[in-house]
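Working notes for the structure below.
Every value quoted in this text rests on a predicted model; they were computed, and no experiment measured them.
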Amino acid sequence: MTKADFLVVGGGVVGLSIARELKRRFNDTSVALVEKESECGLHASGRNSGVIHAGFYYTADSLKAKFTRDGNRMLLQYCEENKIPVNKCGKLVVAKDESELPQLDELLRRGKANGVVLESITANEAVKIEPRVKTFERAIFSPATSTADPVQVLQAMKQDALKEGVSIHQNAAYIGRENGLVKTLVGDFEAGYVVNAAGLYADRVARDFGFSDDYRILPFKGIYLYSEEPAGAIRTNIYPVPDLRNPFLGVHFTLLVDGRAKIVPTAIPAFWREQYKGLTNFKFDEFAEIIFRDLGLLFFSGFDFKRLAPYVADDMVLAWEIHPNFKAEQIVESCRRAHEILRSSVSA
C-alpha cells in the first residue's frame with residue numbers, strides 16, 4: 001500500500017497542473033498521481049488543436065473567461081521559459097453574412113469586458129492578414145491567440161512535476177474505493193485528500209465518493225483533417241462566428257507550430273468514451289449506456305439535443321469552398337453517416 005497526503009486521479013494537463021500546485025503550496029507533503037495509461041496525456045490533453053485561446057468567447061466576467069485570459073499569458077510564459085515552440089499567428093473570426101454581425105459585436109463586447117485585446121477590422125484588412133479569407137464586411141483579429149504542441153507542453157509539465165517531487169504512477173488505472181482506500185491496478189493508495197481529474201471517467205470516480213449522482217458524461221468527438229499544402233500556405237488561425245447557444249466554436253482552420261494547417265474539428269457524438277478510430281477502446285457497457293442516454297436526450301431534452309451535432313456539417317461545406325485542397329467533403333459525408341443513426345431513431 002502507498003500512502004500520500006494528496007492523491008490525484010488522472011495524468012492529463014489538469015491532473016498534472018493540480019499536482020504541481022499542491023506540491024508548490026504544501027511543499028512538506030507527499031503528492032502522488034495515478035494515470036491509467038502507459039504515458040500521461042494520451043487522451044484529451046494530447047488530442048486537441050493546441051490553440052492557446054485569448055479569452056473572448058465566454059460570458060464577460062465569468063471564471064471561464066478570466067481563466068482563459070490569464071491562462072493565455074501564463075502558458076505563453078511557460079512555453080518561453082521551457083523553450084517550447086509557439087506559433088504566435090493570431091486569429092481571425094469571420095462572418096458568413098449580415099446575420100452574424102451582431103454575434104461578432106457580442107464577441108468584441110465580451111473581449112473588452114474581459115480585458116482581451118481585439119481588433120475590429122474591415123474585410124479588406126482581413127485579406128491583408130490572410131489573402132484567401134472570406135468575411136462579410138468585417139472581422140475580428142485576436143493578436144494574442146497562439147498555438148503550441150499540446151504533447152510537448154504536457155511532457156514538460158510531467159518532467160517538472162517529477163523534479164518537484166510529485167510521484168507519478170503510470171499503468172495505474174483507478175478501480176474503485178474500498179474501506180477508505182483507493183484501489184488501482186498497481187495497488188492500493190491511502191490518501192488524506194483525493195483529487196478527481198479523471199477526464200472522461202471523472203463522473204464514475206466522483207460517484208464512488210458520493211458525488212455526481214445526477215450527472216453523466218456524454219462524449220462528443222472531433223475529426224481533424226490536415227492540409228496537403230506546405231507550411232505557411234495559411235498565415236493565421238481562421239474561425240467562423242460561433243453560435244453562442246452551443247458549446248462548440250464551429251469548424252475552423254488552425255495552424256500548427258511548424259506552420260502547417262489543419263481543419264478542426266467536427267463535433268459528433270461518440271458512442272463510447274474513448275472512441276477514436278474503429279472499434280479501439282470499445283466497451284459494450286459504455287456503448288449501451290450512451291446510446292440509451294443519447295436517445296433519451298433526443299426525445300425528452302429541453303434544449304434540442306439533436307441540433308447540436310448535425311449543424312457542424314454546414315460549416316465544413318463552407319470551409320471546403322474556401323480551401324478545396326482539404327477535401328472536406330469526405331469528412332462531411334462521415335459526419336452525415338454518424339448523424340443518420342440518431343436521425344433515423346427520431347423518425348422511427
Side-chain angles (χ1 to χ4, degrees), residues 13-14 17 44 48-79 86-130 133-148 150 220 222 235-255 263-267 302-305 307-309 311-312 314-315 318-319 322:
V13 66
V14 173
S17 297
N48 59 78
S49 61
V51 175
I52 305 174
H53 288 282
F56 60 88
Y57 282 109
Y58 314 114
T59 305
D61 296 324
S62 66
L63 287 176
K64 191 169 186 179
K66 292 176 181 177
F67 289 161
T68 306
R69 176 200 64 203
D70 295 345
N72 175 284
R73 173 182 54 80
M74 295 170 69
L75 187 52
L76 288 176
Q77 181 180 341
Y78 181 80
C79 288
V86 173
N87 189 341
K88 297 182 179 181
C89 55
K91 173 168 66 179
L92 283 170
V93 182
V94 298
K96 288 188 295 186
D97 52 45
E98 185 176 8
S99 69
E100 293 191 338
L101 295 182
Q103 293 284 65
L104 203 66
D105 291 333
E106 174 62 17
L107 293 179
L108 285 168
R109 186 192 70 80
R110 292 184 179 190
K112 182 178 180 180
N114 200 38
V116 176
V117 176
L118 295 176
E119 300 172 13
S120 180
I121 61 177
T122 65
N124 287 337
E125 290 171 326
V127 170
K128 291 179 181 178
I129 296 172
E130 170 45 59
V133 78
K134 296 181 181 180
T135 189
F136 182 82
E137 292 188 354
R138 49 195 175 91
I140 291 174
F141 182 66
S142 167
T145 302
S146 304
T147 57
F220 271 62
R235 301 177 183 176
T236 186
N237 297 308
I238 306 171
Y239 281 60
V241 175
D243 183 342
L244 296 176
R245 299 171 299 171
N246 296 329
F248 313 120
L249 297 181
V251 174
H252 44 274
F253 295 92
T254 296
L255 296 186
I263 185 168
V264 304
T266 59
F303 58 90
D304 197 11
F305 174 75
R307 178 177 54 83
L308 288 181
Y311 91 97
V312 181
D314 294 334
D315 286 334
L318 286 171
I322 296 173

Residues R138 and D105 bridged, charged N to O under 4.0 Å: yes
Please check: side-chain N/O of T147 versus main-chain N/O of G50, any donor-acceptor pairing under 3.5 Å? no
Can you list the steps and then say if I140 with I121 is a side chain to side chain contact (heavy atoms under 4.5 Å, CB included)? CA-CA 6 Å; I140 291 174; I121 61 177; over 6 Å; no
Could you tell me if the side chain of N87 sits less than 4.5 Å from the side chain of S146, heavy atoms only? no
Using only heavy-atom distances, determine whether the side chains of T145 and S142 contain a donor-acceptor pair under 3.5 Å. yes
How far apart are the closest heavy atoms of L101 and E137, and which atoms are they? CD1-OE1, 3.6 Å
Side chains of F136 and V241, heavy atoms from C-beta outward: is any pair under 4.5 Å? no
Closest heavy-atom pair, T135 versus A95, reported as atoms and distance to 0.1 Å, is OG1-N, 3.0 Å
Return the orientation label for the H252 and Y239 ring planes: parallel under 30°, perpendicular over 60°, tilted otherwise. parallel
Would F56 and V93 count as a side chain to side chain contact (heavy atoms under 4.5 Å, CB included) here? Give the steps. CA-CA 11 Å; F56 60 88; V93 182; 4.0 Å; yes
Which atom names give the shortest non-hydrogen contact between P242 and L107, and what distance separates them? CD-CD1, 3.8 Å
Main-chain N/O of N237 paired to T254 side chain as donor or acceptor, under 3.5 Å: no
Straight-line distance of F141 CZ to L118 CG, nearest 0.5 Å: 10.5 Å
NE2 (H53) and NZ (K64) are apart, to the nearest 0.5 Å, by 9.5 Å
With a 4.0 Å cut-off, would you call R109 and E106 a salt bridge? yes
Would you call I238 and E130 a side-chain contact if the rule is heavy atoms closer than 4.5 Å? yes
Quick one: CD on E119 to CG on L108, what's the gap to the nearest 0.5 Å? 10.5 Å
Distance col, row N114:CG vs R69:CZ, nearest 0.5 angstrom, shows 4.5 Å
Rounded to the nearest 0.5 Å, what separation is found between the OG atom of S49 and the CG atom of L255? 11.0 Å
Has the side chain of T122 got a donor or acceptor atom that lies under 3.5 Å from a matching backbone atom of E125? yes
For S62 and Y58, indicate whether the former's side chain and the latter's backbone hold a donor-acceptor pair under 3.5 Å. no
Distance in Å, L63 CG paired with D70 CG, rounded so as to fall on 0.5 Å steps: 10.5 Å
Please report the shortest heavy-atom distance between I52 and A148, naming the atom on each side. CD1-CB, 4.0 Å
Check whether any side-chain heavy atom of P150 sits under 4.5 Å from a side-chain heavy atom of V13, and report yes or no. no
